[in-house]
Amino acid sequence: MPEASTLPALHEATRRSLLGEPKELPAVWLYDERGSQLYEEITRLPDYYPPRREAEILGARAGEIASRTRARTLVELGSGDARRTRFLLDALTELGTLERFAPVDVSEEILRESAWSIAADYPALAVEPVAGDFGRGLDALPAEGPQLIAFLGSTIGNLYPSQRADLLGRLAARLGRDDALLLGVDLVKDPARLERAYHDATGVTEAFVRNALTAVDRELDATFEQRRFAYDPRWDAEKEWMDIGLRALTAHTVSVARLELDLAFAAGERLRVEISAKFRRERFEPELHRSGLRVDEWWTDRAGDFALVLARPE
Ligand code: AVJ
């Protein structure tokens, strides 16, 4: 779980989200040690296409990304197991510019493991892991340029538009003339495929989402009961995001002792656990623009499912 210093902020954010309409748990509750492991399992599911699409683009473009950025520092926000980051590490190592890799992740266990294995595989590289939320952790990052900040896997889709604007603005403000941002974004597509990607037959995604309840019961002394909720991922066609969460099967009350909250759920009421926004170039490019970024390259996989965006400060 997050470091002790960020706990009061997380508790406050959790209280606010649970009191919101709809009720919601901050997505960071998904990523305790078990949640991070379940997510790594999700990335191997045949119906969960984003990692393979992103790997296809990275495989084709890593050399070009390296020669265009000549990065000395690679920062990765929400690095997880950093599996696909290796495309960038290989290309930048081959070019000979890379000196430092700073992975940032909320899961300390995954961070420690991935930092270890990368340090072992790239002995000339200084690996400087930063544990924390990718929003808050920004100031702790090394800044020797040219730097490349990577934010892959469409993790940016977990943020609401206003949070996204805030993060993009802060990233733009950190980037110097020679720096660049590399964003992986999942694209709007047939809702049936999106729903399959978030409601897989093996139940791994459901277990991943339900684990947020387990984490909150444990950490906040809450009384969420799994059997009182059904897994309920939905495509929101207006917002163009997957609305991922659970639905109360019967009316009941859940207490969250450490937040001094009693939550009344109506039968059928939803508890959102995360959103996963999907993007379109014609909307995202102006959005980047408003945050002070311009698109240098917009690459997609052959099927047009996913995009990798290289952006620069304006
Ligand atoms: C890690 C946020 C990119 O939104 O696709 C996968 C999380 N949730 N299946 C996504 C997730 C359910 C994932 N991200």
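Order of listing sets the numbers, starting from 1, for every ligand and every atom in it. In this chain, numbering begins with 1 at the start of the sequence shown.
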For [X], is at least one N or O under 3.5 Å away from an N or O on ligand 1?
X    : value
Y198 : yes
S276 : yes
T205 : no
K278 : no

**Message:** Salt bridge or not between R83 and E40? Use side-chain N to carboxylate O under 4.0 Å.
**Reply:**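 So R83 pairs with E40 through a salt bridge.
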**Prompt:** Salt bridge or not for E285 and R294, using N-O below 4.0 Å?
**Reply:** no
**Asked** Within less than 4.0 angstrom of ligand 1, does Y31 place any heavy atom?
**Response**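 In this structure, Y31 qualifies as a contact of ligand 1 - some heavy atom is under 4.0 Å.
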**Message:** For G153, state whether at least one heavy atom is located under 4.0 Å from any atom of ligand 1.
**Reply:**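 Per 4.0 Å heavy-atom rule, G153 contacts ligand 1.
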**Prompt:** Does the ring centre of Y31 sit less than 6.0 Å away from the ring centre of F208?
**Reply:**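 Yes, close enough.
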**Message:** Quick check on the 6.0 Å ring-centre criterion: do W241 and Y160 meet it?
**Reply:** yes
**Six-ring centre of F229, R247 cation under 6.0 angstrom, axis tolerance 45°** = no
**Prompt:** Is there a donor-acceptor pair closer than 3.5 Å between any side-chain N or O of R100 and the backbone N or O of E128?
**Reply:**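 No, R100 side chain to E128 backbone: no donor-acceptor pair under 3.5 Å.
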Using a strict cut-off of 4.0 Å, indicate which atoms of ligand 1 neighbour a heavy atom of [X].
X    : value
N158 : 2 (C), 4 (O)
Y48  : 3 (C), 5 (O), 6 (C), 10 (C), 13 (C)
E274 : 7 (C), 8 (N), 11 (C), 12 (C)

**Request:** Just let me know how M242 lines up against ligand 1, side chain, backbone, both or neither, with a heavy-atom cut-off below 4.0 Å.
**Result:**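 Neither; no heavy atom under 4.0 Å.
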**Request:** Can you establish whether the number of heavy atoms outside R70 located under 6.0 Å from its atom CZ is more than 12?
**Result:** no
